[in-house]
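These notes are about the structure you will find just below.
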Amino acid sequence: MSDAPHADRRDFLKRALSGAAALGLVGAPACAAAGTEASGWKARVVVARDPQLRGGGSSVDPQRMLALLDRAMQTLFYRDHPAEVWRLVVRPGDVVGLKVNTLGGRGISTSRELVAAICERLQEAGIRPADIVVWDRDTREMERGGFHAAMGGDRVQCFGTDQVDYEDDLAMWGSVGSRLSKILTRRTNVLISLPVLKDHDGAGVTLGLKNMYGAIHNPNKYHPDGCNPYIADVNMLPEIRKRLRLTICDGTTAMYDGGPAYKPESSWQMNGLIVSTDPVALDYTGWQIIERKRAEKKLKTLAADGREPKYIATAADREHRLGTCDPKRISAIEV
Amino acid sequence: MFRRLSIESESAATGGASFDRRFFLKCALASGASLGAGGVVQPAAGMPAAAQPQQSDAQFVVEARFYDKQPNRRIKCKLCPRACVVGDKERGYCGARENRGGTYYSLVHSRVCAAHVDPIEKKPLFHYLPGSLAFSLATAGCNVNCKFCQNWDISQVRPEQIAAEYLPPYRIAQLAQQYGCPSIAYTYSEPVIFSEYMMDTADAGHESGVRSVVVSNGYIQQEALKAAYGKMDAVKIDLKAFNEKYYHDVVTGQLKPVLETLTTLRKMGKWTEVVYLVVPTLNDSEAEFTGLARWVKANLGPDVPLHFTQFHPQYLLKNLPITPVSTLDRAKAIADAEGLHFVYIGNVPGHPAQNTYCPQCKRLLVERVGFTAGKMLIRKNACPFCGRHIPGIWHT
Ligand code: SF4
């Protein structure tokens, strides 16, 4: 274990109570309207940060990343030990797909250190290295994002859909008809989404839900109208929905404007992770973080910029029910 | 997996191309073996596209010709009415154009994913060199997403998702000559999205005495239309419906720009034929047929061929039946009654409305069997029986 700040469980709970306020979760009306029926249940979203994630330098310290991941996951699942946490997520025999986002190249892709930390914990939970597949749509794009392709053997697998193609038949839901990556459908039974915290010129933000555009063959068809309702519909595809267990959004480097391509001038080192089993609550929370950064930088809100991420409310509506975006029903926990 | 499309008519909208989908069509044809009409250019070894050696992206990438640069490395595409505003590293709706650092590129120049020697009747172009062959080609991508698309495997994919051959314009002109094709046809997917390649290939073809025809949805901006389709010798436009709602809901496009395309082509003097795919319950009302026929007559003239073609359930529209022949007959009867002179019925083998008759003396002028012209009696652009001028491009 590293020497990263480590709060105990009571501390976590204490912070959980004030988390929503601390994050400034002031739900958009659409999200409040899209909320589920009243009950005591709340979606948990953990925002974990480590200002020392990079030590004194520019690259991420792998040990501190591992500690940050543990802190986030232990908080989310109320467990004292990382091994217990991951046994709640996966079982031996599972084949786990880690869907990274490498569109932004070296500047702003899912960090290798995060992926390495997750792979370590998955293996401790009994997953064979060869049963972990780190994937995105294109192998060369992944390499540009800092990943080394690996296919075959006993090691962790790492390649893009270009190596195995998409399904021939269409998967359909709502407005969407797409061929799905065979990595998703044939190679894995568990999906962990590893997006990056970014602004998006069309959708407003690109987080966990939009990361699934990397699993379909025709994402270009689903960018009109702020990607709404397309992002929500893609996430309703049964092959995605039944596999998705967890979203870990990488905020090592994040972007508050000008995304999704990397623009150093509008990025910041958040040095944090956002984790949740509720992908809608996670996207909502990530959106609020980006809004706060935009306010700090004296930029318009995404709504004022004509880019409010309306797909989040759609994902929470009665037709989709992929999660909640009602801030009253989100327990956002800062650790 | 290896699937084969049925041979019906030509375009992504109205029919299928008889090439093997998602497989590499080896167009280089080093053997020089001659293909007959309808022959499929041979595929290489049956490997999925993804398993084949990676294609070099660079050879297919050229700067787009119709776009404006915007602040923050964004661009605005001026090729089709969708007018995509595309951020850095992103693609337009068609998937065939990409913003790289604020410069917009076509990814499909010379990137042929389907090539085929077809009878010109299969386009369908009925008043253009009947009985001739067209060296027909496509690249991946489309600027709309018709729910009934029969070629969605190539029209609704990104270029890198389908195997392709590098065939620069001069090579297409050579192949057309080699296979006895007086024309090159840009078809199967949507040629609007490979306009640069189409323009360059048309130039190469004309230098070698080979003409060019395009089979298109007509969803293109005016400046690009004049530049690109100005190089064509004939144009076939799929007018998918005569109401905006259908264009919005079923096509993901707009009707108005397509009508503007048709009137501009008319002003340009381009030989144009119009195809209307009749989809049961969605665009088959009498009012719509009447409105369409009146618009064609008023804006394009009574001599423009209008083809009503039969729908077959495909892609995202599998819940509807095949268009009854009686519906097609009704559409033709309405258009005839409105005064159009050349109304055809397509995708129905053996239907007498596949033939061309003289509007004046009613005698048979061109007899078509399947996709071949059996009898061709027109002489010097006129009916040999009564002398009435028959519009079209009938002779090389
Ligand atoms: S050609 Fe493609 S990129 Fe250009 S406006 Fe049309 S769909 Fe968009």
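Note that the structure is a prediction, hence the values are computed from the model and not measured. Throughout, protein chains are lettered first and strands after them, A, B, ... in sequence-line order, and every chain is numbered starting at 1.
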More than 12 foreign heavy atoms under 6.0 Å from NZ of B:Lys76: is that the case here?
->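 It does not: B:Lys76 NZ has 12 such atoms or fewer within range.
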What do you reckon, is NZ of A:Lys310 surrounded by more than 12 foreign heavy atoms closer than 6.0 Å?
->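 Counting other residues, nucleotides and ligands, NZ of A:Lys310 stays at 12 neighbours or fewer.
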What are the two closest non-hydrogen atoms of A:Lys221 and B:Val144, and how far apart are they?
->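 Smallest heavy-atom distance, with atoms named: NZ-O, 3.2 Å.
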Rounded to the nearest 0.5 Å, what separates atom [atom1] in [X] from atom [atom2] in [Y]?
X: A:Thr161; Y: B:Gln161; atom1: OG1; atom2: CD; answer: 9.0 Å
X: B:Asp153; Y: A:Arg179; atom1: CG; atom2: CZ; answer: 6.5 Å
X: A:Leu170; Y: B:Gln156; atom1: CG; atom2: CD; answer: 9.5 Å
X: B:Asn72; Y: A:Asp257; atom1: CG; atom2: CG; answer: 7.0 Å
X: A:Arg137; Y: B:Arg158; atom1: CZ; atom2: CZ; answer: 4.5 Å
X: B:Ile162; Y: A:Asp165; atom1: CD1; atom2: CG; answer: 9.5 Å

Could you please state which residues from residues 105-114 of chain A sit under 4.5 angstrom from chain B, measuring non-hydrogen atom to non-hydrogen atom, sorted by number, or 'none'?
->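 Within residues 105-114 of chain A, no residue comes under 4.5 Å from chain B.
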For residues 89-104 of chain B against chain A, heavy atoms under 4.5 Å, the residues are B:Lys89, B:Glu90, B:Gly92, B:Tyr93, B:Cys94, B:Gly95
Kindly indicate whether the side chain of A:Asp162, heavy atoms from C-beta on, has any atom under 4.5 Å from the side chain of B:Glu160.
-> no
Toward chain B, the part of A:His223 with a non-hydrogen atom under 4.5 Å | side chain
